[in-house]
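What follows is one structure encoded as structure tokens, with my remarks underneath.
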Amino acid sequence: MNKKLVRSLLLGLGLTGSVMIAWRFVSRLKPLPCPAWMSWLLENPFTRGVMDAPLLVQRAGIKPGMRVLDAGCGAGRVTVEAAEKVGETGEVVALDIQPAMLEKARARSKQAGLDNVRFMLSALGEGMLPENRFDRALLVTVLGEIPDRKAGLEEIAASLKPGGLLSITEMIPDPHYQPIRAVRQLAHSVGLIETRVFGNKMVYTVNFRKPVQRKL
Ligand SMILES: C[S@@+](CC[C@H](N)C(=O)[O-])C[C@H]1O[C@@H](n2cnc3c(N)ncnc32)[C@H](O)[C@@H]1O
């Protein structure tokens with residue numbers, strides 16, 4: 001590789017790293033959700049094999065006929081995979097705080113010929129989700145963007161059927177990355193029970209089950 005190329009690559013990496021660090025810092029002061037035009041960030045060669053939608057759907061144990069919540073669905077990359085998996089007898093609710101993200105998810109679902117996806121414009125923590133409705137909930141690189149994380153997780157936990165499963169995925173270059181111990185603490189504080197972990201500290205999925213008889 002010639003020197004000029006190496007220098008450009010290092011510069012690019014340095015700039016990206018600085019933007020991510022600045023973003024993480026600013027988001028502590030003010031919610032800064034991933035803008036719709038940056039939704040491609042989760043679909044690049046570096047995330048292939050560790051963050052792919054089929055892998056996340058498999059880790060969440062999504063099966064035909066299930067009702068699934070894709071909380072913070074973004075541009076719908078996981079929504080479409082989940083909707084294909086649950087099939088005609090199942091349903092996916094794709095929820096996001098940003099209309100522009102939902103528009104992308106809607107277009108993607110339409111292109112895939114799906115009619116089992118419902119779209120919901122809402123902020124997690126506002127209490128708009130129905131209770132005891134979903135078999136599975138997905139929260140993929142979203143948790144750190146929610147200003148009141150406990151209220152957000154409480155709402156998701158309440159929306160799960162007893163015995164339902166919440167699958168949380170986090171990835172380290174994400175400026176809103178949440179370490180697994182913080183995720184565990186939050187999930188336990190809303191009454192969810194850890195069942196399984198996949199991956200490593202940098203990119204992981206952790207599953208939690210809603211107890212059949214919840215202790216209030
Ligand atoms: C990094 S993107 C991840 C999108 C998608 N889960 C994926 O893996 O492709 C985070 C998404 O969470 C959404 N989000 C952030 N805060 C939210 C909130 N309080 N309620 C609902 N969605 C939220 C953002 O609008 C954004 O679409």
*With sequence neighbours excluded, residues passing side chain to side chain donor-acceptor pair (under 3.5 Å) with Glu194*: Arg184
*Name all residues meeting the side chain to side chain donor-acceptor pair (under 3.5 Å) criterion together with Asp135; count only those two or more places apart in sequence or in a different chain, and write none if there are none.*
Lys161
Sidechain-backbone polar pair: [X] side chain, [Y] backbone, donor-acceptor under 3.5 Å:
| X | Y | result |
| --- | --- | --- |
| Lys210 | Gly164 | no |
| Asp96 | Gln98 | yes |
| Thr195 | Asn207 | yes |

Shared hydrophobic cluster for [X] and [Y] (ILVMFWY, side-chain gaps under 4.5 Å):
| X | Y | value |
| --- | --- | --- |
| Leu153 | Val197 | yes |
| Phe198 | Leu138 | no |
| Leu55 | Val142 | no |
| Val93 | Leu165 | no |

Are any non-hydrogen side-chain atoms of [X] and [Y] less than 4.5 angstrom apart?
| X | Y | value |
| --- | --- | --- |
| Lys150 | Leu186 | yes |
| Ile97 | Ile146 | no |
| Met51 | Thr141 | yes |
| Ser167 | Leu56 | no |

Considering non-hydrogen atoms only, spot the tightest contact between [X] and [Y] and give its length.
| X | Y | answer |
| --- | --- | --- |
| Val117 | Ala83 | CG2-CB, 3.6 Å |
| Ala71 | Ile156 | CB-CD1, 4.1 Å |
| Val212 | Pro162 | O-CB, 3.5 Å |
| Leu192 | Phe208 | CB-CB, 3.8 Å |
| Pro64 | Thr89 | C-OG1, 4.4 Å |
| Ala82 | Val92 | C-CG2, 3.9 Å |

*If a pair satisfies salt bridge (Lys or Arg N to Asp or Glu O under 4.0 Å) and one of its residues is in residues 63-90, list it, with sequence neighbours excluded.*
Arg67-Glu91
_Within residues 163-172 or reaching into it, pairs that qualify as salt bridge (Lys or Arg N to Asp or Glu O under 4.0 Å) - sequence neighbours excluded_ = none
*Leu129: what forms a side-chain contact (heavy atoms from CB on, under 4.5 Å) with it, not counting sequence neighbours?*
Leu69, Leu95, Met120, Leu124, Phe134, Glu155, Ser159
Under 3.5 Å, sequence neighbours excluded: what are the donor-acceptor pairs made by side chains of residues 99-109?
unit_1: Glu103; atom_1: OE2; unit_2: Arg106; atom_2: NE; d: 3.4
unit_1: Lys104; atom_1: NZ; unit_2: Ala36; atom_2: O; d: 3.4
unit_1: Arg108; atom_1: NH1; unit_2: Glu43; atom_2: OE1; d: 3.4
unit_1: Arg108; atom_1: NH2; unit_2: Glu43; atom_2: OE2; d: 2.6
unit_1: Ser109; atom_1: OG; unit_2: Ala105; atom_2: O; d: 2.9

*asked:* As an exercise, state the distance from CZ of Arg209 to CD1 of Ile193, rounded to the nearest 0.5 Å.
replied: 9.5 Å
*To the nearest 0.5 Å, how far apart are CD in Gln58 and OG1 in Thr205?*
10.5 Å
*Using the side chain to side chain contact (heavy atoms under 4.5 Å, CB included) rule, take Val57 and Val68 through it: C-alpha gap first, then chi angles, then the decisive distance, then the call.*
CA-CA 10 Å; Val57 164; Val68 177; over 6 Å; no
